[in-house]
Structure formats: C-alpha cells, structure tokens
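Here's the structure we're looking at; comments come further down.
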Amino acid sequence: MRLRHAILAGGATFFSATTGAASSAPDPFYDPDGWSLTGFAGVMTDNVWEESIQPWETEFLDSYLIGLGLRRDWPVAGSNRYFIGIEGQTVAHFGDQTHLEFNAPVVLSYRPQGRWSGPVDVLSFGLGLSYASEIPQTEINRDGASQRLMIYWMAEVAVPGPIAQSEVLFRLHHRSDGFGLFEENSGSNALTIGIRRSF
C-alpha cells in the first residue's frame, strides 16, 4: 500500500514540477529524431482500460511493475510534428505477480507546436506484441484465464523533463486479447509514470 502511494505521489510531484516550468513551445533540448531510453514504474488496476483513466473508477491492485524501454524514432515525411518509432521494453512485475514481460510496440507520436500546445510535449500511441515469462496472475484473477503472448498497446502523454534532453511521461500500459485475435478473452492495465531521455 505504501509503495502504491509513493508511486502516485511521485507522479503528482513530477507533473507539478514539470508543468509549472514548461513553456508553450516544445523542449528545445529534447531530440525526438533519434534514440531514447525510458525508465518507468506503475501500479496494476482491476479495471478495463476505459475505467483505468477515470480516477473515480480506478481500483488499484497490490501489483506493481518497473521497466526500461529503448526506442528509436524517425520523422514522418520530414515532419517536425509526427514521428514513428520502435520501442523494446523489459518489465519486471512484483507484488501479486512476479514475472518478466517483454513488449515491442511500434509508436506513433505527435508533438504539438504553437500557442495551443500548452505544457504537453508529446502525445503517443504504440501497438505491438507482449510476451510474459509466466501467465500473469492478475489476468487470471480478473478473467479466469490468460496466456503469455498477447497484444500490447500504450497511450502516453509527456511533458518537458526537469533536466536537459528529458521528458516526464504518463502512460497507460495495456495487454489485450485484441478483440478475439487471441484465444483467451483476457487483459490487464497499469498506470505508469516515467522519465525518458534522448541521446
């Protein structure tokens, strides 16, 4: 319980610190055309994804994750707003479930510019595959059964980070049966926070 509160409190602290210092222009020190490394941590929820992003509906589990993601982004058709990338993630779960998870999404990112961009540095959506070293216990508890290989998708908003070449991100981390693409009707969600740095 204390770990869950620490993760959520850390997210609130990051958000208030970075949005308070953010300008209406994208972070001039962050290079979206290249490599980046992301560290993130989160809490699993006992909800479908639509409920997970509604604070009044979210039910947290005593199940947590911590992960690293390595990503390469390229501009779409020379644009400085749209980017496409590939991210490889390694995730460790602990608490109610203890296993490793490996995800490989293709990520489409939009970087707003101009007076209406506000504190947001980037909006991203990623879609790919997820493989768990063991069948996740939280998915079995919610749906009765699951499997190791499933669809993975993520939705993310990021703001300029506290150090040069960085962004603070808030991400919905989702494993899914892909509307029946996989045999078992199952899935899971986590709310995560993290920091990404380009290099």
Side-chain angles (χ1 to χ4, degrees), residues 4 7 11 36 38 40-74 76-77 79 81-112 120 122-158 169-194 196:
R4 178 192 313 164
I7 291 173
S36 61
T38 302
F40 57 93
V43 185
M44 304 296 296
T45 75
D46 194 26
N47 304 89
V48 296
W49 74 264
E50 298 95 328
E51 294 174 342
S52 294
I53 59 176
Q54 301 176 49
W56 55 90
E57 295 284 353
T58 307
E59 297 180 23
F60 292 106
L61 299 172
D62 288 322
S63 185
Y64 312 92
L65 62 84
I66 186 169
L68 282 175
L70 180 64
R71 186 154 126 196
R72 178 68 167 92
D73 284 296
W74 298 268
V76 175
S79 171
R81 295 191 181 192
Y82 295 94
F83 295 82
I84 191 166
I86 300 174
E87 180 170 304
Q89 301 174 4
T90 299
V91 182
H93 289 263
F94 55 100
D96 286 347
Q97 57 187 10
T98 54
H99 66 274
L100 294 177
E101 178 185 330
F102 304 96
N103 305 312
V106 174
V107 183
L108 180 64
S109 299
Y110 170 66
R111 294 182 171 275
V120 174
V122 61
L123 300 170
S124 299
F125 179 81
L127 179 65
L129 292 175
S130 174
Y131 180 81
S133 61
E134 301 175 5
I135 298 177
Q137 187 61 48
T138 60
E139 295 175 4
I140 296 173
N141 293 346
R142 286 190 65 241
D143 303 304
S146 189
Q147 58 192 49
R148 294 185 179 186
L149 183 65
M150 299 193 81
I151 293 290
Y152 172 80
W153 65 257
M154 47 158 272
E156 173 189 290
V157 58
L169 59 93
F170 305 85
R171 178 183 289 181
L172 175 64
H173 181 99
H174 179 75
R175 272 173 48 95
S176 167
D177 65 354
F179 297 104
L181 183 62
F182 288 93
E183 181 178 356
E184 298 294 350
N185 179 20
S186 187
S188 59
N189 297 285
L191 297 178
T192 72
I193 61 171
R196 175 167 51 234

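Across every non-hydrogen atom of Ser124 and Ser109, the tightest pair is OG-OG, 2.8 Å. Residues Tyr82 and Ser79 approach most closely at N-OG, 3.1 Å, considering heavy atoms. In terms of heavy atoms, Trp153 sits closest to Leu127 at CB-CD1, 3.9 Å.
Under a 3.5 Å cut-off, the side chain of Asn47 and the backbone N or O of Glu57 do form a donor-acceptor pair. With hydrogens and angles disregarded, a donor-acceptor distance shorter than 3.5 Å links the side chain of Thr58 to the backbone of Gln54. Side-chain atoms of Thr45 never come within 3.5 Å of backbone atoms of Phe60 as a donor-acceptor pair (strictly under, hydrogens ignored). No donor-acceptor distance shorter than 3.5 angstrom exists from the side chain of Asp62 to the backbone of Gly95, with no hydrogens or angles considered.
By the side chain to side chain donor-acceptor pair (under 3.5 Å) test, Tyr110 is found to be paired with no residue, residues two or more places apart in sequence or in another chain being considered.
Counting heavy atoms from C-beta on, the side chains of Phe170 and Val157 come closer than 4.5 Å. Side-chain contact between Phe83 and Val107 is absent, with no heavy atoms from C-beta onward closer than 4.5 Å. Inter-residue side-chain proximity for Leu169 and Glu156 is flagged as met; some heavy-atom pair is nearer than 4.5 Å. Taking the side chain as every heavy atom from C-beta outward, Tyr152 and Leu129 never approach each other to under 4.5 Å.
When each of His173, Glu87, Met150 is checked for a side chain to side chain contact (heavy atoms under 4.5 Å, CB included) with Asn103, only His173 meets the rule.
With 3.5 Å as the limit, one finds no donor-acceptor pair spanning the side chains of Asp177 and Ser186. If you check the side chains of Thr138 and Ser188, you find no donor sitting under 3.5 Å from an acceptor.
The line from CD of Gln89 to CG of Leu65 is 9.5 Å long, rounded to the nearest 0.5 Å. Between the OG1 atom in Thr192 and the CE atom in Met44 there is a gap of 10.5 Å [rounded to 0.5 Å]. To the nearest 0.5 Å, the span separating OG on Ser63 from CD on Gln97 amounts to 3.5 Å. Put simply, CZ on Phe40 and CG on Leu191 are 13.0 Å apart, with the number rounded to the nearest 0.5 Å. Taking CZ from Phe179 and CD1 from Ile151, the interatomic distance works out to 10.5 Å, rounded to the nearest 0.5 Å. Atom CD of Glu59 and atom OG of Ser52 lie 9.5 Å apart (nearest 0.5 Å).
Aromatic ring pairs are classed by plane angle as parallel below 30°, tilted from 30° to 60° and perpendicular above 60°; the pair His99 and His93 is parallel.
The salt bridge (charged side-chain N to carboxylate O under 4.0 Å, His left out) pairs that include a residue from residues 125-145 are Asp46-Arg142, Glu139-Arg175, where partners are two or more places apart or lie in different chains.
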*Can you check side chain to side chain contact (heavy atoms under 4.5 Å, CB included) on Ile140 and Ile135, steps first, answer last?*
CA-CA 8 Å; Ile140 296 173; Ile135 298 177; 3.7 Å; yes
